[in-house]
Amino acid sequence: MSSEELCIGVLGSGNGSNCEAILQACDRGQIPGRVAVVVSDLADAFILERARKRGIPAHFVGPSRFKTKLEPELETQMVSILRAAGVELVALAGYMRVVKMPLLTAFEGKMLNVHPSLLPAFPGLHAWEQALNFGVRVTGCTVHFVNEGVDAGPVILQQAVPVLTNDTPATLHQRIQVAEHESLPEAIRLFALGKLQTDGQQVKILE
Ligand code: GAR
């Protein structure tokens, strides 16, 4: 393993298709990095299974008394796991809780999230359903740095996805996920190459 490789930690709560996209981008050399550890707040999340199948350490941290966040003690556990694995960048790949202290401060400026809408439209849960219900013609995905707000951090990349007349929540989410699987690895690649320069809410992509 080269010392030039970015050491990535992935957090997720579900299927882990975005984690898979990161793993494949590392495999084919698109991302100069490797996934060192995967952590989930749900014991039976398939994302853990995906990691284990590849021999990547996979940890469940929980259970939590809350639905939308983790107790600080549990976030402390996450920080320890990520630090012990040498993680330099945390990718939230379908992690469905709001990141609080101490996790947020431990990886300030080193945590990315993928969200299934063109932020600032439709933050929060089931963004593709929100888009359908609102009747927009275009939605998409956003990769952004994580800050203390909900889906509010500096935007790195966005990709538009059309909403089609016959879309159901499932078909629209599927199409958004295709975009996510491109945008999230690409944002990680740019981070790994040191090409992201943040100035307040603005992210400049260096040539
Ligand atoms: C993705 O569509 C991701 O954008 C969304 O959860 C899905 C996880 O899919 N995340 C959020 O809505 C966070 N606000 P995956 O587990 O197959 O990667």
Test item: [X] and [Y] side chains (from C-beta on) under 4.5 Å apart, heavy atoms:
{"X": "Glu4", "Y": "Pro32", "result": "no"}
{"X": "Leu132", "Y": "Leu172", "result": "yes"}
{"X": "Leu190", "Y": "Ile205", "result": "yes"}
{"X": "Pro72", "Y": "Lys100", "result": "no"}
{"X": "Arg52", "Y": "Ile56", "result": "no"}
{"X": "Leu11", "Y": "Arg97", "result": "no"}
{"X": "Cys141", "Y": "Gln158", "result": "no"}
{"X": "Arg175", "Y": "Asp167", "result": "yes"}

Minimum heavy-atom separation for [X] and [Y], please, with both atom names.
{"X": "Asp41", "Y": "Gly12", "answer": "OD1-O, 3.6 Å"}
{"X": "Gly140", "Y": "Ile176", "answer": "O-CG2, 3.4 Å"}
{"X": "Ala91", "Y": "Ile188", "answer": "CB-CD1, 4.0 Å"}
{"X": "Leu82", "Y": "Gly9", "answer": "CD2-CA, 4.1 Å"}
{"X": "Gly62", "Y": "Leu74", "answer": "CA-CD1, 3.9 Å"}
{"X": "Ser40", "Y": "Ile47", "answer": "CB-CG2, 4.2 Å"}

Single-linkage hydrophobic cluster, 4.5 Å side-chain cutoff, [X] and [Y] together:
{"X": "Phe107", "Y": "Leu112", "answer": "no"}
{"X": "Leu42", "Y": "Leu70", "answer": "no"}
{"X": "Val39", "Y": "Val87", "answer": "yes"}
{"X": "Ile31", "Y": "Leu23", "answer": "yes"}
{"X": "Val143", "Y": "Val146", "answer": "no"}

For [Y], does its backbone N or O pair with a side-chain atom of [X] as donor and acceptor, under 3.5 Å?
{"X": "Gln130", "Y": "Pro123", "answer": "yes"}
{"X": "Arg50", "Y": "Glu20", "answer": "no"}
{"X": "Thr139", "Y": "Val161", "answer": "no"}

Exercise. Quick one: ring pair (Phe, Tyr, Trp, His ring centres under 6.0 Å) pairs with a partner in residues 21-65, sequence neighbours left out?
Worked result: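 Checked against ring pair (Phe, Tyr, Trp, His ring centres under 6.0 Å) - neighbours excluded - no pair reaches residues 21-65.
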For this session: Sort and list the pairs that fulfil ring pair (Phe, Tyr, Trp, His ring centres under 6.0 Å) and have at least one residue in residues 161-207, not counting sequence neighbours.
Result: Trp128-His173
Not counting sequence neighbours, list each pair that qualifies as a salt bridge (charged side-chain N to carboxylate O under 4.0 Å, His left out) and has a residue in [range].
{"range": "residues 192-207", "answer": "none"}
{"range": "residues 110-126", "answer": "none"}
{"range": "residues 67-90", "answer": "Arg65-Glu71"}

Problem set entry | Pairwise distance NE2(His144) to CE(Met111) - rounded to 0.5 angstrom | 11.0 Å
Exercise. What distance separates Arg34 CZ from Ile22 CD1, expressed to the nearest 0.5 Å?
Worked result: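 Rounded to the nearest 0.5 Å, the CZ-CD1 separation comes out at 14.0 Å.
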Exercise. Is Asp27 salt-bridged to Arg54, cutoff N-O under 4.0 Å?
Worked result: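 Yes, Asp27 and Arg54 are salt-bridged.
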For this session: Verify the neighbour count for atom CZ of Arg28: are there more than 12 heavy atoms of other residues, nucleotides or ligands below 6.0 Å?
Result: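 Yes - once you tally the heavy atoms of other residues, nucleotides and ligands closer than 6.0 Å, there are more than 12.
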Exercise. Counting heavy atoms not belonging to Phe134, are there more than 12 under 6.0 Å from its CZ?
Worked result: no
Exercise. Would Leu104 and Glu108 satisfy side chain to side chain contact (heavy atoms under 4.5 Å, CB included), going step by step from the backbone distance to the final call?
Worked result: CA-CA 6 Å; Leu104 192 60; Glu108 205 179 347; 5.9 Å; no
Tabulate below the donor-acceptor pairs under 3.5 Å that side-chain atoms of residues 149-157 make, not counting sequence neighbours, or state none.
{"from": "Asp151", "atom 1": "OD1", "to": "Asn113", "atom 2": "ND2", "distance (Å)": "3.4"}
{"from": "Asp151", "atom 1": "OD2", "to": "His115", "atom 2": "ND1", "distance (Å)": "3.4"}
{"from": "Asp151", "atom 1": "OD2", "to": "Gly124", "atom 2": "N", "distance (Å)": "2.8"}

Exercise. Where do Leu103 and Met78 land on the side chain to side chain contact (heavy atoms under 4.5 Å, CB included) test, with the steps shown first?
Worked result: CA-CA 7 Å; Leu103 183 55; Met78 275 192 175; 3.9 Å; yes
For this session: Go through the steps to decide whether Val98 and Glu148 satisfy the test side chain to side chain contact (heavy atoms under 4.5 Å, CB included), and finish with yes or no.
Result: CA-CA 8 Å; Val98 179; Glu148 61 288 346; over 6 Å; no
Exercise. Would Glu186 and Gln30 count as a side chain to side chain contact (heavy atoms under 4.5 Å, CB included) if you check the C-alpha gap in whole Å, the side-chain angles of each, and the deciding distance to 0.1 Å?
Worked result: CA-CA 8 Å; Glu186 177 58 11; Gln30 181 194 349; 3.6 Å; yes
